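Data block below; observations after.
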Amino acid sequence: QVQLVESGGGLVQAGGSLRLSCAASGRTFSTYAMGWFRQAPGKEREFVAAINWNARSTYYATSVKGRFTISKDNAKNTVYLQMNSLKPEDTAVYYCAAAGGRPAWDTPALSYEYDYWGQGTLVTVSS
């Protein structure tokens, strides 16, 4: 079992930055690929970024590539999402997720590939 708790959301002006954190419980965190998804009001949940178990491989949605950076600290059982150059369209609830049993270099981008989910943290970007 892995429990995930996100933090770091809030209100920021367009062009600003935020760093989201996702703290995980469980001794096997280091073996999990991790991902960030988001859901804007009235829209479906969408993939944002993923990182493989040893943090050597990352994958980003086109809409955030070059602006967001995912990282994973296995010693701290934490995954991060650094978000720069934020836009109003980045406004959403952001969720982290953990995927176990994946191939070594895998960076899952589909919701069903993930086993555990956090409760989400709200990011609001004002124009």
Side-chain angles (χ1 to χ4, degrees):
Q1 279 280 4
V2 175
Q3 292 185 327
L4 304 172
V5 179
E6 302 97 334
S7 61
L11 174 64
V12 63
Q13 289 189 332
S17 298
L18 280 176
R19 187 176 81 156
L20 305 183
S21 300
C22 174
S25 65
R27 292 176 292 176
T28 59
F29 171 79
S30 62
T31 67
Y32 283 79
M34 300 295 295
W36 286 96
F37 290 74
R38 67 186 182 186
Q39 188 167 17
K43 295 188 177 181
E44 293 188 353
R45 187 174 297 186
E46 65 174 1
F47 169 76
V48 175
I51 191 165
N52 80 318
W53 74 276
N54 64 0
R56 292 184 180 180
S57 180
T58 58
Y59 180 61
Y60 296 92
T62 301
S63 59
V64 306
K65 195 169 185 179
R67 300 188 297 123
F68 291 10
T69 302
I70 188 171
S71 60
K72 187 175 187 269
D73 188 335
N74 286 333
K76 295 182 178 180
N77 277 17
T78 303
V79 63
Y80 304 96
L81 185 68
Q82 178 66 44
M83 306 185 295
N84 298 329
S85 302
L86 283 161
K87 305 175 181 180
E89 51 263 43
D90 295 318
T91 294
V93 176
Y94 283 71
Y95 300 90
C96 71
R102 309 301 301 178
W105 295 102
D106 197 23
T107 51
L110 301 175
S111 295
Y112 71 81
E113 297 180 288
Y114 287 86
D115 305 298
Y116 303 101
W117 293 83
Q119 294 300 307
T121 186
L122 176 63
V123 172
T124 304
V125 184
S126 63
S127 57

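Keep in mind that what you see is a predicted model, and the values were worked out from it rather than measured.
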Item checked: Heavy-atom side-chain proximity of W117 to R45 below 4.5 angstrom -> yes
Notebook entry, point to check: Considering all heavy atoms of both residues, which atom of V64 and which atom of V48 are nearest to each other, and what is their separation?
Noted result: CG2-O, 3.5 Å
Side-chain polar contacts of residues 90-101 - donor-acceptor pairs under 3.5 angstrom, sequence neighbours left out - could you list them?
residue	atom	partner	partner atom	Å
D90	OD1	R38	NH1	2.9
D90	OD1	R67	NH2	3.0
D90	OD2	R67	NH1	2.7
D90	OD2	R67	NH2	3.4
D90	OD2	K87	N	2.8
T91	OG1	P88	O	2.9
T91	OG1	V125	N	2.9
T91	OG1	V125	O	3.4
Y94	OH	R38	NH1	2.9
Y94	OH	D90	O	2.6

With a cut-off of 3.5 Å and sequence neighbours excluded, list every side-chain donor-acceptor pair involving residues 102-113.
residue	atom	partner	partner atom	Å
R102	NE	D106	OD2	2.7
R102	NH2	D106	OD2	2.8
R102	NH2	E113	OE2	2.8
E113	OE1	A109	N	3.2
E113	OE1	L110	N	3.0

Margin query: Show every side chain to side chain donor-acceptor pair (under 3.5 Å) that has at least one partner inside residues 118-127, sequence neighbours left out.
Written below: none
Next item on the list: State the OG1-CG distance between T78 and L20, to the nearest 0.5 angstrom.
Entry: 12.5 Å
Notebook entry, point to check: CG/N77 to CD/Q3 distance, rounded to the nearest 0.5 angstrom?
Noted result: 12.5 Å
Checklist line | Axial cation check for Y32 ring with K72, 6.0 Å and 45° limits | finding: no
Quiz: residues 12-19 side-chain donor-acceptor pairs under 3.5 angstrom, not counting sequence neighbours:
residue	atom	partner	partner atom	Å
S17	OG	N84	OD1	2.9

Notebook entry, point to check: In Å and rounded to the nearest 0.5 Å, what is the CD to CG distance from E6 to L122?
Noted result: 11.5 Å
Notebook entry, point to check: Which residues satisfy the side-chain hydrogen bond (donor to acceptor under 3.5 Å, both in side chains) test with D73, sequence neighbours excluded?
Noted result: none
Next item on the list: Scan residues 40-75 for pairs that pass ring pair (Phe, Tyr, Trp, His ring centres under 6.0 Å), counting only residues two or more places apart or in two chains.
Entry: F37-F47, F47-Y59
Checklist line | Value rounded to 0.5 Å, distance of CG in N54 from OG1 in T31 | finding: 11.5 Å
Next item on the list: Calculate, to the nearest 0.5 Å, the distance between atoms OG1 and CE belonging to T58 and M34 respectively.
Entry: 14.5 Å
Item checked: Nearest heavy atoms of V2 and Y116, plus distance in Å -> O-CD2, 3.4 Å
Checklist line | Connected via hydrophobic side-chain network under 4.5 Å: Y80 and L86 | finding: no
